[in-house]
Amino acid sequence: MGGRETHFELFLRKSPKASWALVDAIPNRQKAIERANAFLKSHPQGGVKVMKEERKGANGDYIAILVAALGDCEEPRKRPSRTFIPQQTSSCVSAGDLRKVSARKTYLEVIPRFLERHRVLPGELIYRTDLLEILESSGSEITQAIQRVAIARAGEESLHAIARQLHELVNQGVNSIFKEKKAGRFVKYEGTLDDVVKKCRQKPNLLTAFKSALADRLMRETSWPKKLTGLVEIWKEAETLEEADRKFVNEVLTDYFSEWIDTPGAVSAILGETQNTGEVVDRLIGVLEPRPDRRNTRDPLHDLPHAQALAEAVQLGLLPTASQTIVSRIFEHIGSNHRLYEKCLLTEFKMLKDFGDRLVKIMKSNRHAEMYDSFCARSKRLMSTDTVDGYLERFEILDRPMQLLKLQDNLVGYDARTKMITLLRGMIGQPRFEEAVMNNEGRHVQVLMTLRATQAALLKSDLPEAERIHGAQDLDALGVRLISNAKLFPSVARKAGSPALAAVALFRLAAEALPKGQSSTLAAMSATKMLKEQDAREALKTNPDLSRMLRDLSQAARAATELPKASEG
C-alpha cells in the first residue's frame, strides 16, 4: 500500500482483553466496512476498527482517522488505585482557620474513621476537648491526616516543610480550644434554645460560644440518626426565636446539616439493611419524595422511622443542601460499577425506568443533564457481553434475540443502543444459532415464525438504523437457508392436496410466518407459480370466495416481500 495516497486499515481485537492487530488493508471505504462486519461475525465478542490512512504533507507521512468502530472497541476498564489521592485543600494560615467550614470538610476526607468510630461531626469535634485528647494521644491519626493534606498542597515547596507548618497549626488550634474552655468562653446547652443563645451573647465571641453549646448538645446523641433528630429539634425550636437570633442559629445549623449528610455512614445508618444497590437508590429517592398519604401506596421508607424523619426534614426545608447532596449520591450509585439488581437484567432495567420517572418529578431541571449521563453510563455498562450472556442463558437459543430486544425500551443513550445491536447481530451470526435454526426437529414453520417475530421487533425498535436493517437482513437470510434445506415449499404443496390450496398456504406463509424480504418473496413466487396450473385456474373460476381470498393474501404477501432500506449517510 506504500504508493497509495489513501487506504483503509482494519484492526481486530478478538476479545475485550485481547490486543489490537492489523488484519487487512483495503483501498475502498465501503468494502473495508463490509470486511469489518465479516470479521465481527467471526469474532462477536471482540471489536473491529476501520482506520483511514491518508498521506499528508511534503514528508509523505500518513494521518490516521477513525472511520468505524464495530463491536466492543472500548479500552479495558482499569481498576481504581487504592492509593489515597487527596483533593486540593484550602490553605490554613492560622489556627483559627482550622475551625472554618472549608477546613471541616477536609476532616471528612482525612480522618473519616475517627469521626465514624466516635459518631462525631467535624463541627462538633473541634469543640469536644474529650475527643481532641483522644485524637492527640493516638498520634498516628493526626500524623497521617497532616501528611495527606500536605501532599495535596505540596507544589514547589518542600513536603516536609508544609507538614511541619501544619503540625504547628494543629497544635496551636487544639491548645486554643483548651484555653478558651478553661477561660469560660464555652457554654453548656441547658434550658431552652432561647436561654442558650442569651448565654452565648454574654460571651466575648458569640459564634464560638454557640458552637460549643451545639457540641455539648450533640455529644448526648450517640448515633447518626439521633444526631439528625437533635439537629432537627434545634431547627424547629429556632422558629420561636426573634428574627436576628433565628437567622444566626439557622446559618450555623446549615453547616452542621451539610456535615451530617456528607458523613459516609450517616445516611446509610438511617436507610437500614439493604439487599442490593437498587434498594439503596429506591430509599434515597424515597427520602426526597413527599410522604405517601394512602395506605395502598408503596412506601420505600416503610418501617424506617429515622429515614422518614429525614424525609420530613427535607420536605420542610430544614436541610437546604440535603436534596442536592442526596441526588448526587443517587447519581453515584446509578453510574457506579455495582449492579442494582444482579438476579435479573430485565428487572434491573425496569428499576432504572422507575427511578428515572420518580427523579424527574422531584428534581430540579438544572440537573437533568447529569441524570442523563449517569443513566447512559448504567445502560452502556449493562450492555456488556458478560452481563447480557449471563442473563440470556436461561432462555432457549432461538428466543434469545427477542429477549434481548425486550430490554431496548429502557436503554438510555446512543452508545448503549449501539452495543445492543452489535450484540444482537453477533448472536444471530453465531454458528450455534444457525445450527439451532437448521436442526429444529421438524419445527420449520415455528422457527420461521420466531425469526419473523424477532425481525419485526428489531425493525420496530429505535436501535441504530443501518445496523438494525442489516440485522433484519441477517434474519431473512437464515430464513432462506432453512426454507431451502427443509424443502419447505414442495412439502407444503404436497400436504395442501391441490395447486389452489397450495397457493393459499404459501401466500399465507409469506404474509404471516416467514421473515420479510427474500424468504417471503420466494414463497410468493412459488404460490404464483401454483396458480398458473390448470387445476388452479379451474378452481378459481368455480369458486369466487377462493379467488377473493387469494387476491387478499397475495397483496399481504407482496407487502411482506420488501425490507426497508437504510437512508443515505
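Nothing fancy with the numbering, it's 1 onward along the sequence.
Here the shortest heavy-atom pairing between Ala32 and Phe8 reads CB-CB, 3.7 Å. Between Asn37 and Arg425, the shortest heavy-atom contact is OD1-NH1, 3.8 Å. Residues Ala513 and Arg452 share a closest heavy-atom pair of O-CB, 3.3 Å.
Judged as a side-chain hydrogen bond (donor to acceptor under 3.5 Å, both in side chains), and not counting sequence neighbours, the contacts of Ser328 are Arg367.
Between Lys353 and Asp357 there is a salt bridge, with a side-chain nitrogen of the basic residue lying less than 4.0 Å from a carboxylate oxygen of the acidic one. The pair Glu348-Arg378 meets the salt-bridge criterion, with a side-chain N (NZ, NE, NH1 or NH2) lying under 4.0 Å from an Asp/Glu carboxylate O. A salt bridge links Asp474 and Lys41; the closest N-O separation between the charged side-chain nitrogens and carboxylate oxygens is under 4.0 Å. A salt bridge links Glu434 with Arg481: the closest approach of a Lys/Arg side-chain nitrogen to an acidic carboxylate oxygen falls below 4.0 angstrom. Salt-bridge annotation for Arg358 and Asp354: present, with a side-chain N of the basic residue lying under 4.0 Å from a carboxylate O of the acidic one. With respect to the salt-bridge test (charged N to carboxylate O, under 4.0 angstrom), the residues Asp299 and Arg291 qualify. Using a 4.0 Å cut-off between charged nitrogen and carboxylate oxygen, Arg283 and Glu279 count as a salt-bridge pair.
Between Glu116 and Trp224 there is a side-chain heavy-atom pair separated by less than 4.5 Å. Looking at heavy atoms from C-beta onward, Ile362 lies in side-chain contact with Ile285 at the 4.5 angstrom threshold.
Sorted by first and then second residue, the side chain to side chain donor-acceptor pair (under 3.5 Å) pairs involving residues 500-525 (not counting sequence neighbours) are Asp476-Ser519.
Using modelled atom types and a 3.5 Å distance limit, the side chains of Asn276 and Arg339 yield no donor-acceptor pair. Donor-acceptor pairing under 3.5 Å is lacking for the side chains of His470 and Glu467. Remark: the His306 side chain and the Gln308 side chain contain no N/O donor-acceptor pair separated by less than 3.5 Å.
Checking each of Val280, Leu304, Asp282 against Leu271 for a side chain to side chain contact (heavy atoms under 4.5 Å, CB included) leaves exactly one that passes, namely Val280.
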Cys376 vs Tyr414, side-chain contact (heavy atoms from CB on, under 4.5 Å): CA-CA, chis, key distance, verdict
CA-CA 8 Å; Cys376 282; Tyr414 179 80; over 6 Å; no

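Figure legend: cation-pi geometry between Arg394 and Tyr391 absent, as NZ or CZ is not positioned both under 6.0 Å from the six-membered ring centre and within 45° of its axis.
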